[in-house]
Amino acid sequence: MNRRGLGAAAFSTVAAMILPLWATSPEQSPVHADGTYSSNTKAEAKRAATDFIPDGGFSNGAWKTTNWVDFDYDLAGRSNYPGNLTSVAAVWTDDSIYFGFRCRYDSLNMFEGEDISKERWELWNRDVAEVFLNPQPERMSHYYEFEVAPNNQWIDLEIEKKNEPFNDASWNSGFQHATRIDKENHVWTAEMRIPLRSMKVQNIQQGSAWRVNFFRAAGHGADNQRMFLAWSTIPKGQTFHVPSRFGVLHFAK
């Protein structure tokens with residue numbers, strides 16, 4: 001099945017120019033219906049004593065005590081791809097929230113020869129690990145999107161489903177990220193550090209919960225040849241942007 005959907009005009013930040021574009025992949029196809037949350041898929045973020053700089057290799061001791069969740073199912077939850085098993089963990093401090101990814105792969109599909117210091121519009125058309133994060137669960141239509149590719153290319157977006165376009169690429173979180181590629185074992189890894197203030201969050205309270213979903217895009221060719229994996233699956237399987245299917249991220253000690 002071709003998973004391309006009707007897109008929405010958006011802004012490119014690749015060359016710091018505003019250009020009208022159309023998002024066509026499952027990751028940027030809009031769905032405008034909101035409602036109640038229908039996923040109870042759960043993950044846990046463990047508290048770290050101090051902030052640290054991501055290195056892509058999980059060298060900080062905080063990663064050793066956190067809990068990892070795995071997923072290898074496609075977006076709709078109908079097929080699984082163990083060769084692309086993805087593991088995710090989360091850590092939090094007074095100032096930041098961190099996410100770590102371990103991604104098995106068969107082959108890598110990346111934009112080659114580009115300046116990875118610049119935000120890459122349509123990064124989702126290559127291999128990426130993604131976090132869709134909602135620190136205000138009562139406001140279902142508003143959340144943030146963070147993507148990192150195996151070569152450390154990146155994009156961050158503020159999403160408001162009630163707007164047109166719904167994905168604002170002019171927003172800049174200042175998030176830090178680092179990746180590594182283990183070619184021998186066919187695993188690539190990523191760490192993200194997201195400043196709380198960038199999402200207008202003053203602090204995280206232990207015991208509180210946000211809404212989140214984790215995704216992978218992998219493979220070569222057209223969308224119907226690529227793999228789109230989801231932690232909290234979306235039964236209709238047409239777009240990543242279904243916030244009612246976000247799972248629960250619980251903040252533990």
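No close placement of the H241 and F215 rings is indicated, their centers lying 6.0 Å or farther apart.
Remark: the backbone N or O of R126 is paired with a side-chain donor or acceptor of R226 at under 3.5 angstrom. In this structure a side-chain-to-backbone donor-acceptor pair under 3.5 Å is present from W92 to A252. Between the side chain of K42 and the main chain of N40, a donor-acceptor pair closer than 3.5 Å is present.
The cationic group of R211 does not satisfy the cation-pi geometry with Y143, failing either the under 6.0 Å distance to the six-membered ring centre or the 45° limit from the ring axis.
I97 approaches M199 most closely through the heavy-atom pair CG2-CE, 4.2 Å. Among all heavy-atom pairs drawn from P195 and S198, the shortest one is O-OG, 2.7 Å.
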>> Before you tell me yes or no, could you show the steps for M192 and V131 under side-chain contact (heavy atoms from CB on, under 4.5 Å), namely the whole-Å CA-CA distance, both residues' side-chain angles and the distance that decides it to 0.1 Å?
In response: CA-CA 9 Å; M192 305 179 190; V131 177; 4.0 Å; yes
> What do the steps show when you test Q225 against D223 for side chain to side chain donor-acceptor pair (under 3.5 Å), and what is the final call?
Replying inline: CA-CA 5 Å; Q225 298 171 297; D223 282 353; over 6 Å; no
>> Walk me through whether N152 and H177 qualify under side chain to side chain donor-acceptor pair (under 3.5 Å).
In response: CA-CA 7 Å; N152 208 28; H177 43 90; 2.8 Å; yes
> After noting the C-alpha distance and the side-chain angles of Y37 and V248, does the key distance pass the side-chain contact (heavy atoms from CB on, under 4.5 Å) rule?
Replying inline: CA-CA 10 Å; Y37 291 104; V248 179; over 6 Å; no
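Cluster membership for W188 and F71, using ILVMFWY side-chain heavy atoms within less than 4.5 angstrom, is not shared. Residues F101 and I194 fall within the same hydrophobic cluster, defined by Ile, Leu, Val, Met, Phe, Trp and Tyr side chains chained together at heavy-atom separations under 4.5 Å. Both V201 and F146 sit in one connected hydrophobic cluster of ILVMFWY residues. Membership requires side-chain heavy atoms under 4.5 Å apart, directly or through other members.
A side-chain hydrogen bond (donor to acceptor under 3.5 Å, both in side chains) with R216 is found for exactly one of D72, D74, D127, T86, namely T86. When each of T66, D51, T93 is paired with Y98, the side-chain hydrogen bond (donor to acceptor under 3.5 Å, both in side chains) condition holds for D51 and for no other. Here the options are W171, F132, F99, W210, the test is ring-ring contact (aromatic ring centres under 6.0 Å, His included), and the partner is Y144; only W171 passes.
Here the side chains of E147 and D156 are not in contact, with every heavy-atom distance at 4.5 Å or above. Side-chain contact check for K161 versus N167: every heavy-atom pair is 4.5 Å or farther apart. You'll find the side chain of N60 stays beyond 4.5 Å of the side chain of F58, heavy atoms only.
Taking the charged nitrogens against the carboxylate oxygens, R139 and E160 do have a contact shorter than 4.0 Å, which makes a salt bridge. At a threshold of 4.0 Å, the pair D182-R104 does not count as salt-bridged, since none of the basic side-chain nitrogens sits closer than that to a carboxylate oxygen.
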